[in-house]
Amino acid sequence: MSTGIISPPKQREPIVGKPIDRVDGRLKVMGAARYAAEIPQDNIAHAVLIQSTIAKGRIIDIDTSEAEKAPGVLIVITHLNAPKLNSTTDESMVKGKLGEKLVPLQSDEVFYDGQHIGVVVAETLEQAKYAASLVRVSYEEEKPSIEIESESPKAYQPKQFFGSELQVQRGDVAKGFAEAEVKIEQTYTTPIEHHNPMESSASIAVWNGEQLTVYDATQWVIGTRNIVADALGIPEENVCIISHYVGGGFGCKGFTWWHTILAAVAARLVGRPVKLMVTRQQMFTSCGHRSRTIQQLAFGATRDGKLTAIKHVTTMQTAEVDEFIEPCGLTSIKFYAVPNLEVAHNLVRVNTGTPTAMRAPGEAPGMFALESGLDELAYELGIDPVELRIINHADVHPHTGKPWSSKYLKECYQLGAERFGWSHRNPKPRSMRDSDYLIGWGMASATYPGLRSPASAKAQLFADGRVIVSSATHDLGTGTYTIMTQIVADVLGLGVERIEFKLGESSMPVAPVAGGSQSAASVAPAVQGAAQELRSRVIRLAIDDELSPLYGVAQEAISTENGRVFLNNEPSRGETYAELLQRNNLPIVEVEAIANTAASESQQGTDNKVVRICVGKDENSDMQQYAFQSFGAHFVEVRVHPRLGQVRVTRFVSAIDVGRILNHKTARSQILGGITFGLGMALMEETVLDQQSGRFVVRNLADYHVPVQADVSDIDVLFIDKPDPHISKMGVRGVGEIGITGVAAAVANAIYHATGKRIRELPITPDKLL
Ligand code: MOS
């Protein structure tokens with residue numbers, strides 16, 4: 001029993017919330033944080049994808065003879081010799097989801113340009129690339145179907161987007177428009193966009209007998225494990241997916257795409273580890289994209305600014321081989337308190353690969369239309385755009401009538417406007433100038449659902465005092481490692497350097513896809529719960545141990561700090577975690593916690609190691625009673641050159657309400673990233689689809705323009721930072737996607753204010769302003 005001389009415990013300041021540096025930052029700048037394609041393997045072979053160069057038709061001949069003779073080639077896999085693969089997926093997003101149902105290399109049919117039609121495996125990457133260039137493919141080509149005009153006779157109406165109704169009516173829209181004194185009716189369009197993360201997708205597949213390990217760039221290790229197992233027809237427990245670091249995802253690594261499965265197929269066929277990297281150009285056809293959208297939006301309002309009706313009809317493309325929906329109208333259903341509403345979504349199948357979720361799918365293009373339209377209405381009415389939004393503020397969820405779990409949107413408008421100096425704005429277009437430049441000020445709202453899913457975490461305390469907490473979650477550069485470490489540090493009273501948080505392995509306790517901005521909201525309560533349970537078990541151990549200085553004292557009388565358990569009012573009476581465990585011959589104390597499940601779904605572990613905490617999905621729980629949504633407001637200044645059409649964004653203020661902020665530095669970085677993404681969407685990003693050939697003619701970062709540092713000015717991010725009292729004990733909603741929403745509208749509105757030109761077609765390139 002060692003007590004030693006120690007100073008009394010100071011009231012410890014919480015680490016949660018502090019803008020501490022990333023715990024993985026040092027590893028990253030040292031190059032020691034290894035991404036999927038960087039994991040070393042002995043005897044590795046390299047796979048290269050061959051993709052179709054037509055958008056519709058049939059392969060009539062695929063001649064691999066030259067390629068097979070090329071130096072270093074191990075195998076060329078095509079539909080003529082590929083093993084049978086299965087297409088299974090789970091639309092409920094519990095098990096996993098394929099990005100595209102079409103199974104590659106199973107037939108001679110071609111449905112889009114860039115479809116996988118072969119894999120070459122060789123000793124080196126260069127040999128594989130060279131051999132792939134020798135494969136000769138002849139096609140019987142048909143004219144692809146590409147058009148998605150809004151009146152397309154081929155359009156159909158999908159019912160749901162992951163549980164949300166897509167064709168929605170409320171009240172009487174015709175009556176609402178009849179009552180309107182002012183009406184705005186416009187069409188807004190957004191182009192095809194691509195995610196373009198810094199790290200392109202990559203997989204290394206390693207077989208060890210029947211056991212498959214895939215090092216993969218993925219936002220969903222558990223989903224990928226299940227989908228890979230299904231595709232190959234092997235048990236899930238035979239597959240392990242590892243993804244410790246991900247260099248951005250934005251949705252294109254959320255579902256499982258076929259290159260990962262093809263890497264596993266190739267590795268099995270050659271009997272060696274295989275690395276398959278999707279090239280930057282292949283990323284444009286292999287991992288989804290954001291659909292082009294045509295949005296017809298109508299507002300009816302009274303002269304004093306009260307909305308009487310909204311109609312929002314979106315037509316967008318999806319693929320011939322699968323379906324994904326960009327649900328632009330979902331925000332319109334819930335954002336403003338309007339009694340009469342119609343939201344519709346139309347899909348047209350075209351010959352491209354399947355679109356997928358891209359940062360705020362639905363909200364990003366949908367808010368461009370909604371928040372541009374509201375600005376148009378504000379001008380029509382002569383009401384300040386902020387004021388008009390406050391007039392139509394939804395105090396409760398306007399469709400379900402449920403109260404919001406917490407909502408500080410009005411505070412966001414106020415904070416943002418004050419910081420920006422909005423009250424000094426002269427609303428007249430072209431009224432502000434600086435020498436040659438037209439200055440414009442615009443604003444728009446931001447919003448994203450407050451999602452969460454069941455998640456679990458394991459906490460382990462070792463006899464040497466080390467703590468490891470793990471969960472099969474992900475860090476896409478977002479800060480997950482850091483925020484989870486902060487949570488554990490506060491619960492256990494340890495410095496962050498004494499805690500190791502592990503993630504990104506499918507064998508770890510279940511966590512959801514790192515999509516829908518839900519990782520913090522889902523996993524943080526599980527991590528907190530596991531750490532709290534670990535702490536109370538350690539305290540109980542001390543209380544029950546006759547040899548402990550804390551034997552028999554009341555639980556409430558005990559504190560933990562700096563790796564010690566001790567008496568609150570007599571800090572010298574206590575011991576370290578290590579002393580306690582070692583004396584009890586316990587190499588480890590381990591506990592697992594599950595959050596956000598219904599009681600009926602709880603899994604009480606047989607060894608009593610698993611506890612269920614934060615019950616969320618039960619009938620009468622908060623999850624059912626409240627509407628969870630994050631909110632924000634963007635204020636932006638642009639300078640437009642009247643003769644060059646060049647737009648510079650010179651000031652940006654965002655006020656954001658996402659519940660509690662776990663780390664002000666990483667959260668701010670998320671918003672900065674989202675806004676930067678939004679600036680790209682507003683001014684630059686567009687993937688051009690050639691109408692004749694059905695090919696994307698933009699497929700590299702030279703042609704696909706994204707903002708660089710010089711395009712991004714000073715961005716001021718203000719957080720409300722009030723815990724959401726109903727989402728979890730942590731009070732945190734997600735922060736990944738809200739940043740992009742509303743940005744394109746805020747910029748377009750500022751450009752209108754600067755120039756008097758209302759651009760309803762993204763991106764707002766200089767030609768549209770001349
Ligand atoms: Mo996000 S597009 O849900 O990864």
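For ligands, and for the atoms within them, numbers begin at 1 and follow the listed sequence.
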Under 4.0 Å from a heavy atom of Phe250: which atoms of ligand 1 are those, numbered in the order shown and with their elements?
2 (S), 4 (O)

By number and element, which atoms of ligand 1 are closer than 4.0 Å to a non-hydrogen atom of Pro361?
2 (S)

Is a donor from one side chain sitting under 3.5 angstrom from an acceptor on the other, for His259 and Ser286?
no

The atoms of ligand 1 lying under 4.0 Å from a heavy atom of Ala357, numbered in the order shown, are 2 (S)

Distance-only N or O hit between ligand 1 and Arg359, under 3.5 Å
no

is_close_aromatic(Phe284, His289), centroid dist under 6.0 Å
no

Exactly one of Tyr626, Phe631, Phe335 clears ring-ring contact (aromatic ring centres under 6.0 Å, His included) with Trp404, and that residue is Phe631

Do me a favour and list the nearest non-hydrogen protein atom to atom 1 (Mo) of ligand 1 with residue, atom name and distance?
Glu737 OE2, 3.0 Å

Ring centers of Phe161, Phe324 separated by less than 6.0 Å:
yes

Relative to each other, are the rings of Tyr245 and Tyr481 parallel, tilted or perpendicular (30° and 60° limits)?
tilted

Ligand 1 and Gly251, any nitrogen or oxygen pair closer than 3.5 angstrom?
yes

Which residue owns the protein heavy atom closest to atom 4 (O) of ligand 1, what's the atom, and how far is it?
Gln219 NE2, 2.9 Å

Identify the protein heavy atom lying closest to atom 3 (O) of ligand 1, giving its residue, its atom name and the separation to 0.1 Å.
Gly516 N, 2.6 Å

Measuring from atom CZ of Arg34 to atom CD1 of Ile242, what distance do you get when rounded to the nearest 0.5 angstrom?
13.0 Å

